[in-house]
Student: 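Before I ask anything, let me first share the structure, which is written out below as structure tokens.
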Amino acid sequence: MKQHPENIVTRFAPSPSGHLHVGGARTALFCWAFAKGRGGKFVLRIEDTDQKRSSDAASIGFVKDLLWLGIAWDEGPEYEGHGGGARGPYFQAQRLPIYQRYFDALIASGKAYYAFESTDELATLRDQAKAQNKPFRYTGEFARAMTKEQGDALLASGKPAVIRFHTPPEPITIHDEILGEATIPAGETDDFVIRKADGFPTYHFAVVVDDELMGVTHVLRAQEHFNNSAKHIVLQDALGFRRPIYGHLPLIFNPDGSKMSKRDKDKVLRKAVAERAMTSPPADSVDPGIFGAWLKDKNTQLDLSASVALAHALGVVLPEINVDDFRRSGYLPEVLCNFLSLNGWSPGGDLEKFDTEFLQSHFDLERVVKTPAKFDRSKLLAFNLHALKGMPREEFVQKVTVHGKVYHAEFMARLTESQFRSLCDASHERSKTLDDLFRTNGFVTVADDLLEWDPKAVTKVLQGSVPSGLDHLRAMEAILHDCEDWSVGGLESVLKSYADQSVAGNLGSIAQPLRVALCGGVVSPPIFDTLAILGKTSSLKRIARCLASHS
RNA sequence: GGCCCCAUCGUCUAGCCUGGUCCAGGACACCUCCCUUUCAAGGAGGACACAUGGGUUCGAAUCCCAUUGGGGUCACCA
């Protein structure tokens, strides 16, 4: 690793729209690890130079997600004790006067100029170029065709104008610590806009000015920005700034190679709805009016709460896209960080499980891979399972409780503390996420007289062979009725002895009928746990009802 | 389409810079068997990759070129 004499400063500079995407989270993680591992600073800056996008509320979501992941910033927006700093403000929309100084300098030196083409005019030119299969490049000939007086007159008349940068007609070489060196031929980078008609800087301009002013030494960002570096470099040169060191990170995709997008959730829902040929929403899921409008217009998306409700009603799982989605799904932040790191970087050798402390001390640009990664959720899931299993019981219970209070309040409310505790104990070793327990144990919260039995399970487990499941159930009902010690141990001893005498100790043939009677289906925690969690009264009620309705 | 970048199992990747120790290692997924009260988990096995074609070299996954394939980018979005 090269030694950098200066103090290292990295920054994560998201636009404030929406939540933190996993790709963005990885960028933030790498920026953070790189700086913190070298005694440097990590800056968070909000790139809100697009007035069409909302700002405040959205950036809060971001900030929470970062903190949840354990990524704290040394400088940036102030939030819960983080941020602040002398080089603020850290919202670009609040830095307009700063940018203006540099615009003025560029105009004065002739390195930038006003341009008056309207968006429509430019669109037409672009369309023409596209029709000829040629790339459109703004060369400045339009602006140069007019005299200084004409230009000034137009400006004075109030005609909307942008400022464009006069890109020097030379090749631009980008040095990248990850990709190596690339030279963009002269003429490829055109006279791009640096100030929009509304007076706001464009991304390119704001980034360059702020990176300089905030002392950013290393720019780590997604590969989609690679070509932008050319623009940033010419701007830095024109402004007399130093060039930061660049590192462009490989992109993260869906397993099918498509770009990860919030629309993926909608896709899953639309597919499920289409398969079922539904024209109205499932009961208690989404407002019929909203549902109808959504169904009609494929360009609209259901909002998060509606999506979650509909997915739940349809029994489909929404793909996680944002950090918050993974949180909701019950992933551990440290596992997400670990796994995210592995997409695009590896410490070498066979090591792949590590924490963020390790990442800090080992992350380097040399080991960042150049190829895009497909995000493999099943491996993430395996990592999460492993972390959960390796966790002390108490910690697991505590984490599940916190998760449940936030995402499954109704579930929690229907269980007594000891019931919930037992459920946690029974679920610990089989939980892949903090959410599993809530999704797979619906039978616990169903009222005894509302439990429904899966017809397939009934046919398979309760009926058929002789003696049938129902026969066993009848026998066990009596045994359980007389059972004094309704603990896992007590239940085990009475039921095992029944199994010994009735089915030669083959617990499976008696546990399954019991399970179906109690839960409605063939899957539940171990049967003795299930009985204990439900309690004697509920258990007996369910068995009786099951017997009554299937005999 | 122009420009830029990339190329190892299905996936994430190690190895490549400093050619031989690689008939390519790990992990997840997959398959088989075992264990088992369901589902998981666990145990033991297994299948699976150096994109192709040319060079260079005694020798190439490793170096060079071409082809093919993939990605990015061409906004008054970031």
Side-chain angles (χ1 to χ4, degrees), chain A residues 13-17 47-50 52-53 115 117-119 122-123 126 129-130 132-138 160-164 174 176 179-180 182-185 187-190 192-198 200-204 206-207 221-230 248 250-251 253 255 257 259 339 342-353 366-367 369-383 385 389 427 429-432 436 440 457 461 492 495-496 499 506-512 514-516 519 521-528 530:
Chain A
S15 78
S17 56
E47 313 234 313
D48 53 353
T49 54
D50 185 1
K52 290 184 206 84
R53 300 193 189 187
E117 289 80 12
S118 70
T119 327
L122 289 169
R126 242 175 239 120
K130 186 155 193 176
Q132 297 171 49
N133 239 330
K134 283 182 178 167
F136 171 71
R137 294 283 118 86
Y138 187 99
V162 300
I163 297 179
R164 284 180 183 270
I174 304 166
D176 187 288
L179 296 173
T183 299
I184 312 292
E188 267 302 312
T189 306
D190 69 358
F192 53 98
V193 173
I194 54 177
R195 196 185 75 171
K196 310 176 203 178
D198 64 5
F200 274 59
T202 58
Y203 159 73
H204 304 298
V207 159
R221 45 152 61 146
Q223 248 173 48
E224 61 192 15
H225 285 295
F226 186 77
N227 290 282
N228 289 337
S229 302
H248 287 91
L251 266 17
F253 290 107
K259 230 174 180 173
F339 185 69
L342 255 18
N343 279 251
W345 181 79
S346 90
D350 295 338
L351 182 68
E352 59 175 2
K353 296 254 174 69
E366 263 168 41
R367 298 199 59 86
V369 300
K370 303 174 177 183
T371 51
K374 290 174 185 155
F375 194 85
D376 181 4
R377 288 190 182 72
S378 64
K379 184 159 178 173
L380 205 215
L381 203 55
F383 272 39
L385 166 89
K389 273 186 65 120
S427 306
E429 63 178 6
R430 78 197 68 246
S431 281
K432 293 190 172 182
D436 278 5
T440 57
V461 177
E492 186 170 352
L495 288 176
K496 274 208 167 140
N506 179 8
L507 260 180
S509 53
I510 66 153
Q512 280 307 79
L514 204 44
R515 192 176 328 265
V516 171
C519 312
V522 292
V523 178
S524 88
I527 196 63
F528 309 118
T530 302

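The figures here come from the full heavy-atom set of this structure, side chains too, leaving out hydrogens, waters and symmetry mates. We name chains A, B, ... by the order of the sequence lines, and we start the count at 1 in each one. Here the structure is a predicted model, which means the values were calculated and not measured.
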Student: Between B:C39 and B:C16, how far apart are the C1' atoms? Round to whole Å, please.
Tutor: 44 Å
Student: In the strands shown, is B:G2 matched to any nucleotide by a Watson-Crick or G-U wobble pair with both distances under 3.5 Å, and which?
Tutor: B:U73
Student: Starting at the 5' end of RNA chain B and moving along, which residue's nearest nucleotide shows up first, A:Phe528 or A:Gly349?
Tutor: A:Gly349
Student: Return the pairing partner of B:C16 with a 3.5 Å limit on both distances, Watson-Crick or G-U wobble; otherwise return none.
Tutor: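 Looking at the geometry, B:C16 pairs with no nucleotide.
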Student: Specify the separation, in whole Å, of atom NZ of A:Lys374 and atom C1' of B:C12.
Tutor: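 Result: 11 Å.
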Student: On the nucleotide B:A75, are OP1 or OP2 found under 4.0 Å from the side-chain N or O atoms that A:Lys52 carries?
Tutor: no
Student: Can you check side chain to side chain contact (heavy atoms under 4.5 Å, CB included) on A:His248 and A:Glu224, steps first, answer last?
Tutor: CA-CA 8 Å; A:His248 287 91; A:Glu224 61 192 15; over 6 Å; no
Student: Taking the side chain from A:Thr530 and the backbone from A:Pro525, do they hold a donor-acceptor pair closer than 3.5 Å?
Tutor: yes
Student: Go ahead and name the base partner of B:C22; Watson-Crick or wobble counts if both distances stay under 3.5 Å, otherwise write none.
Tutor: none
Student: Taking the C1' atom of each, how far is B:G20 from B:G15, in whole Å?
Tutor: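 The same atom, C1', in both gives a distance of 14 Å.
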Student: Using heavy atoms to find the nearest nucleotide of RNA chain B for A:Lys259 and A:Asn133 separately, return the residue whose nucleotide is more 5′.
Tutor: A:Asn133
Student: Just name whichever nucleotide pairs with B:U68, Watson-Crick or G-U, keeping both distances under 3.5 Å, else none.
Tutor: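 For B:U68, the partner nucleotide comes out as B:A7, under the 3.5 Å rule.
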Student: Between A:Arg126 and B:C76, is there a side-chain N or O to OP1/OP2 distance below 4.0 Å?
Tutor: yes
Student: Between B:C77 and B:C50, how many Å separate the two P atoms, rounded to a whole number?
Tutor: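 Between the two P atoms, the distance is 47 Å.
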Student: Between B:A61 and B:G42, how far apart are the C1' atoms? Round to whole Å, please.
Tutor: 36 Å
Student: Counting the atoms with a prime plus P, OP1 and OP2 as sugar-phosphate, which does A:Pro525 contact under 4.0 Å by heavy atoms, base, sugar-phosphate, or nothing?
Tutor: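 Counting heavy atoms under 4.0 Å across all strands, the contact made by A:Pro525 includes a base.
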Student: Any cation-pi pair here, A:Lys130 with A:Phe136, using under 6.0 Å and within 45°?
Tutor: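 No, a cation-pi geometry is absent between A:Lys130 and A:Phe136.
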Student: Does any N or O donor sit under 3.5 Å from an N or O acceptor when you compare the side chain of A:Lys379 with the base of B:C12?
Tutor: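 Yes, a donor-acceptor pair under 3.5 Å.
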Student: Using the C1' atom as the point on both nucleotides, what is the distance between B:A49 and B:A7, in whole Å?
Tutor: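 12 Å, rounded to whole Å.
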Student: Taking the same atom, P, in B:U62 and in B:U52, what whole-Å distance lies between them?
Tutor: 11 Å
Student: Please measure how far the P atom in B:C3 lies from the corresponding atom in B:U67, and state the result in whole Å.
Tutor: 13 Å
